[in-house]
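Quick caveat: nothing in here was measured; it's all calculated off a predicted structure. Reminder, nothing fancy here: chain letters follow the sequence lines and each chain counts from 1.
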2 protein chains.
Amino acid sequence: MVKYKTQELNHIFHALSDPTRRSILRDLGGREKTVGQIAQPYRMSLAAISKHLKVLEMARLIDRRKEGSHQFVRLNPETLKTANEWISYYEQFWNDRLEALRNLLEEGDST
Amino acid sequence: MVKYKTQELNHIFHALSDPTRRSILRDLGGREKTVGQIAQPYRMSLAAISKHLKVLEMARLIDRRKEGSHQFVRLNPETLKTANEWISYYEQFWNDRLEALRNLLEEGDST
DNA sequence: TTTATATTTAACCATATGGTTAAATATATC
DNA sequence: GATATATTTAACCATATGGTTAAATATAAA
């Protein structure tokens, strides 16, 4: 059984709760981009994008690679897996419990 | 392909970003509880728990059933599925892209 | 060395968040 | 009706969030 670190999950889910950040992650699919390239489609300032990237980085949803004056930003899909595992675990857990509850109720009805 | 509603995802991920709320969801596994029962293990006030429940309700992660002066709160696992689907979709999407990228690079190396 | 480009940091602002205590509301019970 | 119980709402507070513009920093290019 996986042990989830509270802080880690706080950061991941918080990062995912903002539509701009989800959009950035989406745009990053599989290829590296510079900060400028990431910012380009958005109407907000570069400073704002920079902050969003910091939040994504804190959550370890992205990695950065510095090369001269540019930075290359890329996804870290491993982290998304953490969130996925947390959710999947509880989803399963709850579904099992709910089913157990249903069975119990049926039993009560039929006897 | 599923279409995810922005607001819905905002609410779900925001709700999940707080450890108290995740803990409440965990405690609710499969059985209904009253607000008082939910609050019991926590050191914070009932008012604070009430607010957390409102956030979870807004995200449709829980449902409520009123019965006299009590309320029964229960999970809505359907919503967790929404979050799970979003994450799984992008995880897959990214992994595919990353693999494509890797293949491309290998090709470049070997020829 | 100057200048242009890429990115972050600082200072600021309005609103949201997560908590508190006290008052309000709704139902149950005496 | 009066009182106890369950829960929410209101008012408040400190800190966080998501944005802005302007200044700072770092590298590249002339």
Whole angstrom is fine here: how far is it from [atom1] in [X] over to [atom2] in [N]?
| X | N | atom1 | atom2 | result |
| --- | --- | --- | --- | --- |
| Leu56(A) | dT7(C) | CG | C1' | 16 Å |
| Phe72(B) | dA6(D) | CZ | C1' | 11 Å |
| Asp18(B) | dT17(C) | CG | C1' | 9 Å |
| Leu53(A) | dT7(C) | CG | P | 10 Å |
| Asn10(B) | dG18(D) | CG | C1' | 13 Å |
| Leu46(A) | dT5(C) | CG | C1' | 11 Å |
| Lys66(B) | dA26(C) | NZ | C1' | 8 Å |

What does dT25(D) pair with, Watson-Crick or G-U, if both distances are under 3.5 Å?
-> dA6(C)
Closest approach of [X] and [Y], non-hydrogen atoms and distance?
| X | Y | result |
| --- | --- | --- |
| Thr34(B) | Phe72(B) | CG2-CE2, 3.7 Å |
| Leu53(B) | Ile62(B) | O-CD1, 3.5 Å |
| His14(A) | Ser17(A) | O-OG, 2.8 Å |
| Ala59(B) | Thr79(B) | O-CG2, 3.2 Å |

Please name all residues satisfying salt bridge (Lys or Arg N to Asp or Glu O under 4.0 Å) with Lys54(B), sequence neighbours left out, ordered by chain then number.
->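 Salt bridge (Lys or Arg N to Asp or Glu O under 4.0 Å) list for Lys54(B), sorted by chain: empty.
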Phosphate oxygens OP1/OP2 of [N]: is one of them under 4.0 Å from a side-chain N or O of [X]?
| X | N | value |
| --- | --- | --- |
| Arg21(B) | dG18(C) | yes |
| Gln37(A) | dA6(C) | no |
| Ser50(A) | dT8(C) | yes |
| Gln71(A) | dA26(D) | no |

Can you tell which of dT7(D), dT7(C), dG18(C) lies closest to the side chain of His52(B)?
->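 Nearest listed nucleotide: dG18(C).
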With Tyr90(B), the side-chain contact (heavy atoms from CB on, under 4.5 Å) member among Leu28(A), Asn84(A), Leu80(A), Leu75(A) = Leu80(A)
Could you list by number each residue of residues 38-45 of chain B showing a heavy-atom separation from DNA chain D of less than 4.0 Å, or answer none if no residue does?
->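 None, since no heavy atom is under 4.0 Å.
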What does nucleotides 10-16 of chain D look like as a protein-contact string, B for base, S for sugar-phosphate only, - for none, at under 4.0 angstrom between heavy atoms?
-> -------
For the residue pair Phe13(A) and Phe13(B), categorise the inter-ring angle as parallel (less than 30°), tilted (30 to 60°) or perpendicular (more than 60°).
-> parallel
Relative to the 5' end of DNA chain D, which residue comes earlier, Lys54(B) or Thr20(A), by the nucleotide with the nearest heavy atom?
-> Lys54(B)
Among Arg65(A), Lys33(A), Arg64(A), which residue meets the side chain to side chain donor-acceptor pair (under 3.5 Å) test with Gln71(A)?
-> Arg64(A)
Would you say Lys81(B) has more than 12 foreign heavy atoms packed within less than 6.0 Å of its NZ?
->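 Count not over threshold, so no.
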